[in-house]
Amino acid sequence: MPGDFLDRYSLGNTVCHRLPPTLKIVLAAAVIAGCALLPVAYWPAHGCLACLVFVGLSLAEIPLSYLVHRLALFLPLVLVTALSVPLSRGFAGGWEIAATVVIRSLVAFLAALWLVSTTPFDRLLAAMSRLGMPRLFSALLAFTYRYIYVLFDELARMKTAQRARTFGKRSAWQRWTATTRLVGLLLIRALNRAVRIHGAMVSRGWRGDMRTLD
Amino acid sequence: MSHAPAPILKVAHLSYRYPVGQIALCDVNFVVGVNEIVGLVGPNGAGKTTLLLHLNGLLLGTRLAPRNGETASVGTAGYVGAAQNAAGADSNNESRAPVEVLGMPVIPENFPEIRRNVGVMFQDPDDQLFCPTVRDDVAFGPLNLDFPRDEVLRRVAESLASVGLAGFEDRRPHELSFGEKRRVCLAGVLACEPSLLALDEPSSNLDPRSRRGLIEILKKCPAAQIIASHDLELVVELCSRVIVLDQGRIQADGPTREILGNEALMARHGLEVPLSIRYGLEFGKGPR
């Protein structure tokens with residue numbers, strides 16, 4: 001299943017998985033806030049927070065290979081941002097700031113990853129609503145979670161159909177235009193689906209406000 | 001017909017033209033009585049889905065009977081009669097709306113009551129299962145009907161059990177098989193306890209076992225039903241009456257075996273006589 005990256009570890013059963021979701025959200029938020037607010041001079045504290053997050057990740061039995069995969073997508077972005085500081089000073093300084101940016105975002109990223117890898121998404125949403133997140137946001141996130149799988153499936157089917165009718169080697173330009181067409185088509189299909197979903201919601205008495213069981 | 005029970009659904013001179021211009025429904029008239037299960041058959045593009053979308057006001061057609069052969073006068077999207085109704089054309093209030101459910105004209109003022117009474121099941125279960133878990137999804141209708149939490153949970157458990165999915169509350173829609181998704185959709189509709197079920201291609205893409213399960217569930221369902229389907233054997237088995245729709249018009253309306261057994265009629269509208277009727281097989285034609 002192409003979209004299983006979200007739930008791959010969240011349905012496990014470790015100490016971390018059994019903690020109440022509300023507590024986990026507060027913990028993760030505290031780590032992220034602490035890491036962002038501590039001055040650069042207190043760098044051992046940053047190290048402690050990082051250790052804490054790694055302990056959490058290992059208690060949740062999340063494999064290192066998975067972390068490396070996630071970081072491979074995330075790190076380049078952070079590195080470019082961090083390097084822009086020394087760059088703006090002609091590489092004559094600003095290295096501590098760059099290092100802080102990298103460490104802070106790493107800890108925050110891993111703390112958030114720990115949170116979503118130990119809590120099923122629907123429980124996470126319910127807990128966030130209890131903590132005061134507006135209904136509109138939780139509804140938006142719930143829809144995103146629900147339909148990201150449908151969209152991935154649709155994309156996979158379209159790609160397969162495209163490959164089935166592609167013969168021989170194609171130039172980069174041909175591949176590029178084919179991809180843009182695919183994305184455009186996916187957008188149109190998603191819009192049509194949104195219209196149908198709205199019809200289905202209205203049919204079951206929806207009047208504009210999201211009600212949930214909690 | 002004088003002793004016929006009060007109709008659940010009455011469609012009179014319903015016409016509808018898509019905003020882009022082509023006419024989808026033209027002078028459609030029929031009545032569905034209590035406990036009736038009506039099959040709606042016809043080739044692709046005949047207007048079956050469009051008709052179903054009118055039953056709970058997702059589309060609003062016009063009440064218009066075109067004169068002989070003249071179809072150009074069919075109005076465009078939107079219900080022109082609504083404004084007149086609001087202005088207080090009291091005496092012929094009902095006669096203005098082309099669709100009536102339980103005697104209520106399908107106009108925006110009546111939408112809440114009509115939508116609790118008409119349950120629509122759409123073709124693609126992914127369109128209808130929009131909540132993160134099965135429980136949330138089946139609870140969606142009852143929650144919108146303002147039931148207390150206990151009653152909502154009771155309805156969720158009951159309707160999941162009635163489709164044979166008891167204990168599926170915590171499952172996530174994307175983990176379900178296609179057949180299970182469709183049954184959850186049906187549970188979500190049944191949880192509102194509708195008087196009329198409008199089903200759009202309920203058996204499409206189902207394997208024989210899932211199809212059989214669905215047919216048995218529908219047989220037990222107490223609501224009146226209108227089933228749009230290409231699965232003519234399903235229609236033979238479930239429906240006592242059939243409506244043939246082609247090019248937006250009703251071409252035939254009558255007892256299932258009489259209509260679907262009419263070779264010339266079937267051929268004319270891109271259909272074929274079901275094998276069970278052709279070879280006189282009675283199995284599966286159980287009493288309702």
Checklist entry - Looking only at heavy atoms, which two atoms of A:Ala200 and B:Asp127 are closest? And how far apart? => result CB-O, 3.7 Å

Quick check on [X]: does its [atom1] atom have over 12 non-hydrogen neighbours (other residues, nucleotides or ligands) under 6.0 Å away?
X        : atom1 : answer
B:Phe178 : CZ    : yes
A:Arg196 : CZ    : yes
B:Lys10  : NZ    : no

Student check: side-chain heavy atoms of [X] and [Y] closer than 4.5 Å:
X        : Y        : value
B:Gln128 : A:Ser203 : no
A:Met201 : B:Phe130 : yes
B:Glu175 : A:Leu11  : yes

Choice from [options] maximising heavy atom contacts with chain A below 4.5 Å:
options                              : value
B:Leu145, B:Val118, B:Leu129         : B:Leu129
B:Leu58, B:Asp124, B:Val152          : B:Leu58
B:Pro142, B:Pro173, B:Ala139         : B:Pro173
B:Val120, B:Asn56, B:Asp126, B:Leu53 : B:Asp126

Checklist entry - Contact part of B:Cys131 toward chain A, heavy-atom cut-off under 4.5 Å: side chain, backbone, both or neither? => result backbone

Checklist entry - Side chain, backbone, both or neither: which part of B:Asp170 has a heavy atom under 4.5 Å from chain A? => result neither

Next on the checklist: Taking B:Asp136 first and then A:Arg211, would you say they form a salt bridge - that is, a charged N and a carboxylate O separated by under 4.0 Å?
Outcome noted: no

Checklist entry - Measuring from A:Ile197:CD1 to B:Phe122:CZ, what's the distance to the nearest 0.5 Å? => result 11.0 Å

Item to check | Parallel, tilted or perpendicular, as decided by the 30° and 60° cut-offs, for the rings of A:Tyr145 and B:His174 | outcome: perpendicular

Checklist outcome for this item: If one checks every heavy atom of A:Val150 against chain B at 4.5 Å, the contacting part turns out to be side chain

Checklist entry - Is the backbone of B:Asp137 close enough, under 3.5 Å, to the side chain of A:Arg204 for a donor and an acceptor to pair up by distance? => result yes

